[in-house]
Protein chains: 2
Amino acid sequence: MPRKRSLTTDQLAAAALAVVDRDGLAMLTMRAVAQELNMGTMSLYRYVSDREQLERLVVELVLGGVDFTVPDLPTWQERIAALCERIRLAVHAHPAMVPLLLVHRHASPGVRRSGEAMLSVLAGAGFSGERRVIAFRALVSYLIGALQAEGLGPLSGAGTDVLATLGEQHPHLAETAVSARDVSPQREFGEGLALLLRGLTA
Amino acid sequence: MPRKRSLTTDQLAAAALAVVDRDGLAMLTMRAVAQELNMGTMSLYRYVSDREQLERLVVELVLGGVDFTVPDLPTWQERIAALCERIRLAVHAHPAMVPLLLVHRHASPGVRRSGEAMLSVLAGAGFSGERRVIAFRALVSYLIGALQAEGLGPLSGAGTDVLATLGEQHPHLAETAVSARDVSPQREFGEGLALLLRGLTA
DNA sequence: TTCGTAGGCGTACGTTGTACTCCTACGAAA
DNA sequence: TTTCGTAGGAGTACAACGTACGCCTACGAA
């Protein structure tokens with residue numbers, strides 16, 4: 001066997017993630033990643049077959065840092081919440097890559113492992129059949145949506161002047177946007193999830 | 001004043017939406033839309049400054065068909081649910097454009113109108129301050145996530161053989177995927193939302 | 001030392017968005 | 001009715017993208 005690879009898959013993924021973190025998702029380019037590694041553009045194709053596969057590597061790298069073992073907590077609600085918070089924390093460190101989570105949520109081992117973990121908690125809590133389907137999908141929908149929303153806040157992101165203009169046509173929206181300033185992403189995520197969990201409890 | 005425009009903004013948006021519905025979001029191209037209209041590619045730039053703006057037109061066209069007047073229903077939970085279902089129905093007719101909803105959820109009048117409608121219901125139900133922020137964001141997160149998930153089912157979409165392979169490593173995931181076949185998107189959406197609303201009620 | 005395999009990379013092509021420039025249609029003004 | 005200025009339509013062209021192809025070369029096995 002000839003020659004050794006000068007790169008590990010993790011290094012490649014790390015370089016891609018570095019580009020995304022620094023320059024944004026739009027700058028995730030085969031050329032940019034190659035430059036990040038001081039390599040020729042086409043050399044990347046010795047490690048991935050696609051730009052799509054490169055994106056998947058980024059997803060796996062981020063989700064790979066998450067511990068999906070079910071935490072030892074008194075209630076199943078706390079177990080679900082802890083799992084979700086772990087995911088949120090990992091993703092929070094790389095907000096620009098969130099859209100990749102959505103695009104590659106199929107065919108991603110990390111996403112599947114997270115699903116399995118959540119479902120095992122639900123199963124242990126007595127959820128089965130269609131009830132479990134509904135519960136699981138609701139949790140996943142919330143998780144996906146919340147991570148998206150956190151990436152670029154639809155309310156708190158805008159400046160105060162924009163809100164003033166907004167306020168004339170949409171008073172409730174403007175008022176809520178002001179209140180939103182005092183709610184941290186973590187609280188928002190956690191308490192929103194708590195609402196859903198409360199609904200699941202009844 | 002010289003010359004009349006041969007196109008309305010709606011016609012342009014409709015052409016773009018037709019391309020998306022027929023050929024998928026990836027084929028939404030300035031050239032493709034121009035061809036759909038039997039126009040030169042650059043002529044489109046008399047109506048939009050950007051490809052981005054063209055995408056926004058598509059979003060507005062889809063959301064423009066939604067009635068955001070608060071429905072006259074007994075409980076505020078039913079009012080919220082009805083509003084969300086209207087949105088789901090409109091989007092359901094054009095599943096390929098769902099990602100555009102996410103990308104342009106800021107700076108979209110349609111999205112803002114939907115938010116204002118939901119918030120007015122919440123306000124009428126007695127939600128105020130930070131509680132309203134949490135409730136609103138939770139609802140929006142669920143809505144966004146659920147619409148995404150519906151576009152391409154993460155569980156039911158895969159073939160049975162894939163599930164079998166999956167089942168060895170992820171038994172709960174495989175089992176839930178089987179149950180998921182009997183749950184229609186509408187039920188899934190509605191009952192998931194009901195869970196969240198129940199959590200909001202307490 | 002030799003050789004075959006596989007890594008690295010330069011070139012080039014098709015596709016994208018869009019800047020620039022031209023031609024022309026047409027309503028208003030004469 | 002004629003003229004003219006404005007704005008719509010389209011062709012050309014370019015930069016940036018993903019990536020197919022083919023070359024050179026490093027290096028472990030023989």
Side-chain angles (χ1 to χ4, degrees), chain A residues 1-61 96-97 99-100 102-104 107-108, chain B residues 1-61 96-97 99-100 102-104 107-108:
Chain A
M1 272 127 235
R3 202 141 175 196
K4 60 191 171 188
R5 300 174 87 85
S6 65
L7 229 61
T8 67
T9 315
D10 268 355
Q11 286 173 320
L12 177 52
L17 185 56
V19 170
V20 172
D21 283 342
R22 179 166 21 89
D23 304 323
L25 188 55
M27 284 303 179
L28 179 58
T29 286
M30 300 305 279
R31 286 174 172 83
V33 174
Q35 197 160 28
E36 182 81 15
L37 292 164
N38 290 316
M39 293 179 75
T41 307
M42 293 313 293
S43 306
L44 301 186
Y45 287 90
R46 294 282 171 188
Y47 299 86
V48 293
S49 65
D50 262 333
R51 174 214 158 92
E52 203 178 310
Q53 200 171 109
L54 178 63
E55 294 179 354
R56 246 170 302 187
L57 285 184
V58 173
V59 171
E60 292 317 305
L61 180 63
M97 61 76 66
L100 296 183
L102 303 177
V103 177
H104 301 287
S108 158
Chain B
M1 273 129 232
R3 202 143 176 194
K4 59 190 173 190
R5 299 174 88 84
S6 64
L7 230 60
T8 67
T9 314
D10 268 356
Q11 285 174 321
L12 177 52
L17 185 56
V19 170
V20 172
D21 284 341
R22 178 168 19 90
D23 304 323
L25 188 55
M27 283 303 179
L28 179 58
T29 286
M30 300 305 281
R31 285 173 173 83
V33 175
Q35 197 160 27
E36 181 82 13
L37 292 164
N38 290 316
M39 292 180 75
T41 306
M42 294 313 294
S43 306
L44 300 185
Y45 287 89
R46 294 282 172 187
Y47 298 86
V48 292
S49 66
D50 262 333
R51 174 214 159 93
E52 203 177 311
Q53 199 171 109
L54 178 62
E55 294 179 353
R56 249 171 304 193
L57 286 185
V58 173
V59 171
E60 292 318 306
L61 180 62
M97 61 75 67
L100 296 183
L102 303 176
V103 176
H104 301 287
S108 159

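First the proteins, then the strands, lettered A, B, ... as listed; each starts at 1.
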What protein N or O atoms touch nucleotides 18-21 of chain D N or O atoms at under 3.5 angstrom, if any, and at what distances?
unit_1, atom_1, unit_2, atom_2, d
dG18(D), OP1, R51(A), NH1, 2.6
dG18(D), OP2, M30(A), N, 3.0
dG18(D), N7, R31(A), NH1, 2.8
dG18(D), O6, R31(A), NH2, 3.2
dT19(D), OP1, D50(A), OD1, 3.1
dT19(D), OP2, Y45(A), OH, 3.0
dT19(D), OP2, R51(A), N, 2.9
dT19(D), O4, R31(A), NH2, 3.4

Protein-nucleotides 23-25 of chain D N/O pairs closer than 3.5 Å?
none

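If you take CG on L57(A) and CG on L17(A), they are separated by 11.0 Å, rounding to the nearest 0.5 Å. Atom OG of S6(B) is separated from atom CG of N38(B) by 11.0 Å, given to the nearest 0.5 angstrom.
The backbone N or O of R46(A) lies less than 3.5 Å from a partner atom in the side chain of R5(A), making a donor-acceptor pair. Judged by distance alone, the side chain of Y47(B) and the main-chain N or O of L12(B) form no donor-acceptor pair under 3.5 Å.
Contact record, A13(A) with V58(A): O-CG2, 4.2 Å, taken as the closest heavy-atom pair.
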Please output the side-chain donor-acceptor pairs of residues 20-34 of chain B that fall under 3.5 Å, not counting sequence neighbours, one pair per line with the distance.
unit_1, atom_1, unit_2, atom_2, d
D21(B), OD1, H94(B), ND1, 3.2
D21(B), OD2, H94(B), ND1, 2.6
R22(B), NH2, E36(B), OE1, 2.4
R22(B), NH2, E36(B), OE2, 3.1

Check the pair V103(A), V59(A) against side chain to side chain contact (heavy atoms under 4.5 Å, CB included), reporting the backbone distance first and the verdict last. CA-CA 10 Å; V103(A) 177; V59(A) 171; over 6 Å; no
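For the side-chain hydrogen bond (donor to acceptor under 3.5 Å, both in side chains) test, residues two or more places apart in sequence or in another chain that qualify with S108(A) are E60(A). Annotation: side-chain hydrogen bond (donor to acceptor under 3.5 Å, both in side chains) contacts of Q35(A) (sequence neighbours excluded): none. Not counting sequence neighbours, the partners of R51(A) by the side-chain hydrogen bond (donor to acceptor under 3.5 Å, both in side chains) test are E55(A). Remark: T8(A) engages D10(A), Q11(A) in a side-chain contact (heavy atoms from CB on, under 4.5 Å) (not counting sequence neighbours).
As a whole-Å value, the separation of Y47(B) OH from dG8(D) P is 7 Å. Atoms CZ (R5(A)) and C1' (dG7(C)) sit 8 Å apart, rounded to a whole Å. dA19(C) atom C1' lies 15 Å from atom CG of L44(B), rounded to whole Å. In this structure, M39(A) atom CE and dA6(C) atom C1' are separated by 13 Å, rounded to whole Å. Protein atom CG of L7(B) is 15 Å distant from nucleotide atom C1' of dA7(D), rounded to whole Å. Look at CD on Q35(A): it is 10 Å from P on dC17(D), rounded to the nearest Å. E55(A) places its CD atom 13 Å from the C1' atom of dC17(D), with the value rounded to the nearest Å.
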Under the rule of Watson-Crick or G-U wobble with both distances under 3.5 Å, where | means paired to another strand and [ ] a crossing pair, DNA chain D maps to ||||||||||||||||||||||||||||||
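Comparing K4(B) and S43(A) along DNA chain C, the residue whose closest nucleotide (by nearest heavy atom) sits nearer the 5' end is S43(A).
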